[in-house]
Amino acid sequence: MEDVRDASLVSRLRRLVVAVVVTTSLAIGWLGYSTAASVAREEARQWLGDAVAVYESLLAEFLEDFQSAVKAVAADKGVQDLVEHHVAGRSDRAAFHPRCRPILLDHVNDTAGVVAILLTDKHGKVITASDDRHLSRTFGSHPDFLKGLTEQHVSEP
């Protein structure tokens with residue numbers, strides 16, 4: 001009978017050791033997973049913050065380049081002369097656009113990321129553009145156009 005008790009005690013002791021080992025292994029595994037997940041989340045946050053900072057810097061650089069291109073177009077003597085002739089009625093749109101478009105196109109090509117530069121009349125009708133697809137557009141009631149009538153303004157596309 002004592003052999004049965006000894007066998008039962010050994011069996012219980014084995015189960016207890018197995019339970020302790022399994023529980024310890026699970027706890028260590030959960031702790032490792034939790035730590036790894038926390039580190040991964042923090043690394044992802046850091047990477048995302050860095051990516052946003054780089055994107056913000058590139059966007060600011062693009063906007064500066066674009067504003068420089070717009071200022072260069074406005075200061076271009078050829079464009080100024082063409083606009084003065086157009087406003088004074090000495091050239092119509094059919095003559096104005098072919099003469100002005102190459103100048104605008106040069107400024108677009110010199111500025112990375114700029115798709116098109118448009119010139120409008122005071123009512124918002126596009127009178128010339130570096131890209132002919134914009135010639136039929138009118139911006140008269142657009143808030144960015146209205147703001148641009150009173151101050152130099154660069155807006156989103």
Side-chain angles (χ1 to χ4, degrees), residues 18-157:
V18 168
V20 167
V21 168
V22 167
T23 303
T24 303
S25 296
L26 287 174
I28 290 171
W30 178 81
L31 184 60
Y33 170 78
S34 176
T35 301
S38 177
V39 167
R41 274 192 297 276
E42 187 54 39
E43 285 180 1
R45 277 190 202 101
Q46 182 65 39
W47 179 85
L48 186 58
D50 292 347
V52 167
V54 167
Y55 181 73
E56 181 181 29
S57 170
L58 290 173
L59 184 59
E61 184 179 325
F62 167 75
L63 288 175
E64 285 177 26
D65 289 350
F66 185 70
Q67 287 176 337
S68 295
V70 170
K71 288 176 183 176
V73 168
D76 189 294
K77 184 67 174 147
V79 172
Q80 289 176 354
D81 291 344
L82 288 168
V83 168
E84 285 176 19
H85 283 277
H86 181 73
V87 170
R90 290 180 287 195
S91 74
D92 61 0
R93 184 169 177 245
F96 178 72
H97 174 65
R99 293 180 64 200
C100 198
R101 182 179 183 268
I103 299 169
L104 298 179
L105 200 52
D106 284 344
H107 288 287
V108 167
N109 291 335
D110 288 345
T111 310
V114 174
V115 177
I117 296 178
L118 319 171
L119 294 180
T120 68
D121 63 14
K122 62 183 178 180
H123 305 291
K125 181 165 178 46
V126 175
I127 54 175
T128 189
S130 59
D131 184 340
D132 289 345
R133 294 178 294 176
H134 298 284
L135 290 176
S136 62
R137 299 184 72 184
T138 300
F139 297 96
S141 62
H142 193 279
D144 286 323
F145 173 77
L146 296 173
K147 187 172 184 179
L149 288 174
T150 58
E151 63 187 58
Q152 191 176 58
H153 177 64
V154 176
S155 68
E156 293 181 27

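The first residue in the sequence is number 1, and the count goes up from there.
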With rounding to the nearest 0.5 Å, note down the distance linking CG in Leu119 to NE2 in His97. 10.5 Å

For Gly140 and Leu146, work out which heavy atoms get closest and say how close. O-CD2, 3.4 Å

Considering non-hydrogen atoms only, spot the tightest contact between Ile117 and Ala69 and give its length. CD1-CB, 4.5 Å

So, Arg101 side chain and Ser130 main chain: donor-acceptor pair closer than 3.5 Å or not? yes

Should Asp144 and Phe139 count as side-chain neighbours, where that means a heavy-atom distance under 4.5 Å? no

Identify each donor-acceptor pair in which a side-chain atom of residues 24-35 lies under 3.5 Å from a protein atom, sequence neighbours left out, and give them as a table.
residue	atom	partner	partner atom	Å
Thr24	OG1	Val20	O	2.7
Ser25	OG	Val21	O	2.9
Thr35	OG1	Leu31	O	2.9

Point-to-point distance, once rounded to the nearest 0.5 Å, from OG1 of Thr120 to NE2 of His142: 12.0 Å

Return the CD to NZ distance between Glu84 and Lys77, rounded to the nearest 0.5 Å. 6.0 Å

Report the residues that fulfil side-chain contact (heavy atoms from CB on, under 4.5 Å) with Asp121, sequence neighbours left out, ordered by chain and then residue number. His123, Lys125, Ile127

Going by the rule side chain to side chain donor-acceptor pair (under 3.5 Å), which residues pair with Arg41 if we only count those two or more places apart in sequence or in a different chain? none

For the residue pair Gln46 / Asp50, report whether a side-chain donor-acceptor contact shorter than 3.5 Å exists. yes

Side-chain contact test, heavy atoms from C-beta onward, threshold under 4.5 Å: evaluate it for Leu104 versus Thr128 and give yes or no. yes

On a heavy-atom basis, which atom in Ala129 and which in His134 lie closest, and how many Å separate them? CB-CB, 4.0 Å

Interatomic distance, Gln80 atom CD to Ile103 atom CD1 [nearest 0.5 angstrom]: 10.5 Å

Is there a side-chain contact between Val79 and Cys100 (heavy atoms, below 4.5 Å)? yes

